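Accompanying notes for the structure given below.
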There are 2 protein chains.
Amino acid sequence: MKNINIRELALELNLSVSTVSKALNDSYEISEETKRRVLETAARLNYVPNPYASSLRGRKSKNIGVVIPEVADSFFSLAINGIESVAKEKGYHVLICLTHESFENERTILKEFQGGRVDGVLLSVSRETTQCNHISDLIANGLPLVFFDRACDNVETAKITTDDFESAYKATAHLIQQNCDQIAFLSISKSLSISNKRLEGYLQALSDYQIKVDQKYIIHCSNDAEQNYLLIKKLLQQKNKPNGIIASVEKLTTPVYMACEALKLKVPKDVKIVCFSNLETAAILNPSLTTITQPAFEMGKTAATLLFRALENRNFSLIKEDFIIPSTLVVRGSTSH
Amino acid sequence: MKNINIRELALELNLSVSTVSKALNDSYEISEETKRRVLETAARLNYVPNPYASSLRGRKSKNIGVVIPEVADSFFSLAINGIESVAKEKGYHVLICLTHESFENERTILKEFQGGRVDGVLLSVSRETTQCNHISDLIANGLPLVFFDRACDNVETAKITTDDFESAYKATAHLIQQNCDQIAFLSISKSLSISNKRLEGYLQALSDYQIKVDQKYIIHCSNDAEQNYLLIKKLLQQKNKPNGIIASVEKLTTPVYMACEALKLKVPKDVKIVCFSNLETAAILNPSLTTITQPAFEMGKTAATLLFRALENRNFSLIKEDFIIPSTLVVRGSTSH
DNA sequence: CTGAAAGCGCTAACAA
DNA sequence: TTGTTAGCGCTTTCAG
């Protein structure tokens with residue numbers, strides 16, 4: 001059961017290497033009979049082509065790189081499924097690379113991509129990313145890149161996002177309608193565009209409903225779960241504690257709930273909560289969680305589809321090819337009875 | 001900012017290709033001064049090596065393949081982090097391949113690996129996998145492979161698992177001690193070794209506590225969430241409905257809770273629930289969920305460490321190198337007050 | 001329809 | 001210490 005290369009396969013068949021190669025690639029130059037023989041023998045000898053040899057020769061890897069902050073996150077893992085579904089159809093492989101929210105990791109990964117590891121890139125930037133030269137460089141190098149979810153505004157390429165501003169607005173308005181007048185906003189980054197758009201949606205809603213903005217209700221969380229928990233707890237311990245919370249990112253769900261429990265605050269009576277989250281368990285939390293649910297699978301799918309359009313047609317420009325796929329506010333027990 | 005290859009780099013430096021190559025690989029044959037010059041120029045010209053060329057030449061890819069059923073699952077995403085942490089240290093890349101619980105996908109992926117895409121494999125088999133020739137073939141082909149979590153008993157190679165039998169036993173005993181006498185067991189596969197070991201642990205506990213086994217309490221779930229929900233609902237609607245449930249896999253958590261809610265069954269009063277689960281939200285569910293929490297990160301890490309030992313030392317045999325890392329029963333509200 | 005041969009970018013044996 | 005060269009496995013002209 002040893003692995004065989006194309007030369008040994010050709011030898012076995014009494015054919016030339018090139019004929020075998022063409023037969024394997026279903027070339028029109030080869031007779032049906034020969035193709036059949038080649039395929040049959042290839043199967044019998046357990047021939048599996050070396051992808052690196054083809055990549056090297058053809059200067060294309062048949063790989064796309066997916067660079068995301070984290071895989072232990074419902075949004076990203078669902079997005080991966082969306083991406084995969086189209087990559088598979090196109091005969092491509094997906095290289096999942098995790099930045100763990102570190103700018104340095106992100107830069108290293110993208111840099112490596114310049115060596116030809118991938119033919120195109122789908123990127124959701126890390127929370128630390130404030131400066132985007134590493135991304136522009138990659139694109140200048142000829143690698144098509146599509147942002148999804150977390151984009152860099154000042155890089156000119158396709159961006160697949162959701163309606164961050166509008167959903168945050170909706171979430172805030174919803175809390176206001178549920179009689180919240182002291183609403184906290186938990187951000188994960190001062191630089192991330194999605195964070196800022198969500199923050200702006202929140203601010204706009206407050207302004208439209210004539211609620212004054214209080215800076216102490218705007219919390220910038222870190223990447224450390226324990227520290228976030230303490231931060232949220234502190235927020236909920238102050239004199240004028242909020243009666244509504246918007247968590248702009250899924251991983252803040254648990255610390256928020258834990259803090260409420262620790263402080264014996266009743267949800268939704270004392271505090272109402274909305275999270276940007278794709279957690280499957282949202283419906284069975286205590287109480288069930290009102291969410292802004294993002295179209296994760298679809299965003300991944302759309303981003304990948306766009307990337308492949310660029311891959312298949314070098315004239316197709318990704319600039320201005322932006323798509324905004326709306327999220328849904330799902331009202332549950334954490335904001336109503 | 002165009003990408004440069006080693007020949008152009010050599011040209012620029014007035015050196016030969018091989019000198020440059022050796023300098024880049026920090027060979028002892030090259031003077032410090034030359035190394036410095038090469039590195040400096042490489043950085044200036046934005047040289048990034050083509051990994052496929054080195055792979056082809058060196059017949060090693062510096063990639064390990066991680067084959068798992070699903071990425072939208074806490075256990076697997078945490079395990080990935082564990083695997084990644086050691087791969088990174090070793091200068092390897094991780095190729096994550098998803099089978100989506102399909103045997104056919106699994107076979108295709110492993111087959112492709114024979115082409116040289118990866119130097120070693122970490123595998124958690126699909127729920128459909130009953131027959132393991134595709135795995136033995138791969139190993140016979142010279143690729144080191146380590147199972148983690150879901151192994152094939154009859155394939156001789158390292159297996160990193162958790163104490164499935166014992167944890168299921170503990171979970172069952174716990175339910176019995178909480179006065180459950182009609183305990184259902186939700187399996188996801190009749191063939192998967194983990195499923196069977198968990199089932200056996202359950203059966204053993206019943207036997208030890210002199211509770212008779214009732215086949216109608218042993219439910220084999222499918223891969224379809226909706227269908228599982230209906231199955232569980234049906235289970236809970238019968239005359240002698242169970243007063244305890246053990247879900248042998250994380251993704252059954254939501255359907256179990258939903259079914260209880262739909263049928264207005266109070267947890268833990270009417271039914272007590274334990275799930276094999278690494279859900280971060282277990283503690284904030286309604287009610288908080290008693291779990292068997294698996295050492296996901298550590299299992300991934302251990303599996304990867306073992307694989308690298310085999311990769312670094314071709315004399316090291318993976319046979320009989322099995323590790324069992326214990327899980328923890330975390331008692332919460334779904335089984336007690 | 002089939003085959004010979006060049007070469008993708010890199011490494012390493014061997015020569016100098 | 002540096003350079004020459006062959007070749008990893010494959011695809012693709014180009015010639016037959």
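It should be emphasised that the depicted structure is a prediction, and the values quoted were computed from it without experimental measurement. The sequence lines fix the lettering, A, B, ..., with proteins before strands; numbering per chain opens at 1.
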*Just jot down the side-chain hydrogen bond (donor to acceptor under 3.5 Å, both in side chains) partners of B/Ser124, sequence neighbours excluded, or say none.*
none
*Please identify each residue that fulfils side-chain hydrogen bond (donor to acceptor under 3.5 Å, both in side chains) with B/Ser136, with sequence neighbours left out.*
none
Sequence neighbours excluded, which residues qualify as side chain to side chain contact (heavy atoms under 4.5 Å, CB included) partners of [X]?
| X | result |
| --- | --- |
| B/Pro51 | A/Arg117 |
| A/Asp153 | A/Ser193, A/Lys197 |
| B/Thr34 | B/Leu15, B/Thr19, B/Ile30, B/Ser31, B/Val38 |

*ring pair (Phe, Tyr, Trp, His ring centres under 6.0 Å) with B/Phe323: which residues, sequence neighbours excluded?*
none
*Got a sec, which residues hit ring pair (Phe, Tyr, Trp, His ring centres under 6.0 Å) with B/Phe113, two or more places apart in sequence or on another chain?*
none
Show me the donor-acceptor pairs, under 3.5 Å and distance only, between side chains in residues 142-152 of chain A and residues at least two apart or in other chains.
{"from": "A/Asp149", "atom 1": "OD1", "to": "A/Gln294", "atom 2": "NE2", "distance (Å)": "3.2"}
{"from": "A/Arg150", "atom 1": "NH1", "to": "A/Glu101", "atom 2": "OE1", "distance (Å)": "2.9"}
{"from": "A/Arg150", "atom 1": "NH1", "to": "A/Glu101", "atom 2": "OE2", "distance (Å)": "3.4"}
{"from": "A/Arg150", "atom 1": "NH1", "to": "A/Val125", "atom 2": "O", "distance (Å)": "3.0"}
{"from": "A/Arg150", "atom 1": "NH2", "to": "A/Glu101", "atom 2": "OE2", "distance (Å)": "3.0"}

*Which nucleotide span of DNA chain D, 5' end to 3' end, has atoms closer than 4.0 Å to non-hydrogen atoms of chain A?*
D/dG9 to D/dC14
*B/Lys35 side chain vs B/Ser27 backbone, donor-acceptor pair below 3.5 Å*: yes
_Contact state string [nucleotides 9-16 of chain C, B base, S sugar-phosphate only, - no protein heavy atom under 4.0 Å]_ = BBBBBB--
*Which whole-number value in Å describes the distance from B/Glu8 CD to C/dC8 P?*
10 Å
*With sequence neighbours excluded, give me every disulfide bond (SG atoms under 2.5 Å apart) pair touching residues 75-124 of chain B.*
none
*How would you label the contact of B/Thr34 with the nucleic acid (heavy atoms, under 4.0 Å): base, sugar-phosphate, or nothing?*
sugar-phosphate
*asked:* So for the helix from C/dC1-D/dG16 to C/dA16-D/dT1, with five pairs setting each end axis, what is the inter-axis angle to 10°?
replied: 40°
